[in-house]
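What follows is a single structure, written as structure tokens, with notes after it.
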Amino acid sequence: MNDIDLSETAPRGDWYSGNGWKPIAGAGEDEFTGVFDGNGYAIKNMHIYGELDSSENKIGLFGKCQSATIEHLALADCDIDVTTGNSSGNYVGSIVGYLNNQSSILECYTTGTIKIVFLSGSYGSYTGGIIGYANYGNIENCFNACNISSTLKDENGRFYFGGIAGNFVNGQSFLNYSVGDIITTDESSAESKIGYIANNALNDYDLKSCFYLKKNTDYTASANHSDNYYTNVIGLTAGQMKSSAAFTGFDFDNIWTIDPNADYPYPTLRNVPYVSTGASQPQTPSPDTSLKGDINGDGKVDATDASIILIYAAMVGAGYQVSIDDLY
């Protein structure tokens, strides 16, 4: 019925439990099997932190979901900052650590940060902006603005990262996008793979009408395949992300909207209003100007670049304070 503020799960808060928020259906508990309807409200400032016990390997608002539905929810400015290691696998996602058996996440979004140090014993670890590991699950009309950073310390570990899901097997991801950063620091010889949308998606139909903000790092849509394999997973520039025309298949009449005057410039959900938190805003990459005149960084100088320069000149001439990056 209202937003829920979990600020007191931070260190020294009134809801201190040793590691902040304790995931629903977490360690030692049965899977969540019901329907959680956020009704368009936000859960804000969820904190999970510190060194976790090896049994606490499913990390997020929910630990594990089985035949469940989570919908119409914003998880705003979450803060996951943990150290973990578990030989049977680690599953980290802001909303769900492990999504299983026909579970669904519908019309949800996330903002904030996920920071993890993987210790020895972290063999088979999966981290995603929304879901850690999805098996026979469905995610639709969602977006991720969580930034992920990790430090890998296990020589024998395998680490998988994705903007939407760290692992996505035998499910469907439709009409989603991600703008979050994914940065890893490898202090071992571990195997790690990063996908802008997901990792280990096995079939073309697993990911459709999904989009991601192009960054300087050359990741693919899914780490197991090239972008060409996924004909309906598309990387967009920051300028394209601000246009509804770029999001093929998105329903901008009933589900999505773009407010050109809002702080957050990309598509948001009509039924789940965007909560501005400041710290969670995605960083717009600066244009690649290695090719002189290539304002939008697409590797060529063309009419689009000329249009940006002309608009910039006209606006500055009219007294507006605007930068080339704003127009880009």
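In this text the structure is predicted, and so the values were computed from the model without any measurement.
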Taking all non-hydrogen atoms of both residues into account, name the closest pair between [X] and [Y] and its distance.
| X | Y | answer |
| --- | --- | --- |
| Ile182 | Gly163 | CD1-N, 3.6 Å |
| Phe118 | Ser150 | CE1-CB, 4.2 Å |
| Ala42 | Val275 | CB-CG2, 3.7 Å |
| Leu175 | Cys210 | N-SG, 4.4 Å |
| Thr9 | Asn45 | OG1-O, 3.7 Å |
| Ile148 | Gly162 | CD1-O, 3.9 Å |

Any side-chain heavy-atom pair of [X] and [Y] under 4.5 Å:
| X | Y | result |
| --- | --- | --- |
| Ile43 | Leu6 | yes |
| Phe159 | Thr184 | no |
| Asn167 | Tyr98 | no |
| Ile164 | Tyr212 | no |
| Glu56 | Thr84 | no |
| Phe252 | Pro267 | yes |
| His72 | Leu269 | no |

Ring geometry between [Y] and [X] (parallel below 30°, tilted from 30 to 60°, perpendicular above 60°):
| X | Y | value |
| --- | --- | --- |
| Phe250 | Tyr177 | tilted |
| Phe143 | Trp256 | tilted |
| Tyr266 | Tyr264 | perpendicular |

Tell me every residue that passes side-chain hydrogen bond (donor to acceptor under 3.5 Å, both in side chains) with Thr257, counting only those two or more places apart in sequence or in another chain.
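Thr257: no side-chain hydrogen bond (donor to acceptor under 3.5 Å, both in side chains) contacts found.
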Is the closest side-chain donor-acceptor distance between Asn144 and Thr110 under 3.5 Å?
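Asn144 vs Thr110: donor-acceptor pair found between side chains.
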With side chain to side chain contact (heavy atoms under 4.5 Å, CB included) as the criterion, how do Asp77 and Lys44 come out once you've worked through the C-alpha distance, each side chain's angles and the decisive distance to 0.1 Å?
CA-CA 6 Å; Asp77 208 17; Lys44 302 185 290 187; 5.9 Å; no
Using the salt bridge (charged side-chain N to carboxylate O under 4.0 Å, His left out) rule, collect all pairs that involve residues 25-39, keeping only residues at least two apart or in two chains.
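Found Lys22-Glu29, Glu31-Lys64.
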From [atom1] ([X]) to [atom2] ([Y]), nearest 0.5 Å:
| X | Y | atom1 | atom2 | value |
| --- | --- | --- | --- | --- |
| Thr237 | Lys242 | OG1 | NZ | 9.0 Å |
| Ile105 | Ser173 | CD1 | OG | 10.0 Å |
| Ile48 | Ile59 | CD1 | CD1 | 7.0 Å |
| Thr113 | Asp181 | OG1 | CG | 11.5 Å |
| Thr111 | Asn147 | OG1 | CG | 9.5 Å |
| Leu61 | Cys78 | CG | SG | 9.5 Å |

My understanding is that only residues two or more places apart in sequence, or in another chain, count here; which of them pass side-chain contact (heavy atoms from CB on, under 4.5 Å) with Thr151?
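Per chain and number, Thr151 pairs via side-chain contact (heavy atoms from CB on, under 4.5 Å) with Val117, Lys153, Thr185, Glu187.
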Sort and list the pairs that fulfil ring pair (Phe, Tyr, Trp, His ring centres under 6.0 Å) and have at least one residue in residues 37-58, not counting sequence neighbours.
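Those involving residues 37-58 do not exist here.
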I'd like a table of donor-acceptor pairs (distance under 3.5 Å, sequence neighbours excluded) in which one partner is a side-chain atom from residues 124-138, with atom names and distances.
from: Ser125; atom 1: OG; to: Asn90; atom 2: ND2; distance (Å): 2.9
from: Ser125; atom 1: OG; to: Ser122; atom 2: O; distance (Å): 2.6
from: Asn135; atom 1: ND2; to: Asn100; atom 2: OD1; distance (Å): 3.2

What about Phe174 and Leu106, same hydrophobic cluster or not, with Ile/Leu/Val/Met/Phe/Trp/Tyr joined at side-chain heavy-atom distances under 4.5 Å?
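No, Phe174 and Leu106 fall in different hydrophobic clusters.
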All salt bridge (charged side-chain N to carboxylate O under 4.0 Å, His left out) counterparts of Arg158, not counting sequence neighbours
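Here the qualifying residues are Glu191.
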Between Phe247 and Gln240, is a side chain to side chain contact (heavy atoms under 4.5 Å, CB included) present by the stated rule, with each step listed?
CA-CA 9 Å; Phe247 290 86; Gln240 291 171 322; over 6 Å; no
Side chain to side chain contact (heavy atoms under 4.5 Å, CB included) between Ile139 and Phe168, worked out:
CA-CA 10 Å; Ile139 180 166; Phe168 203 89; 3.8 Å; yes
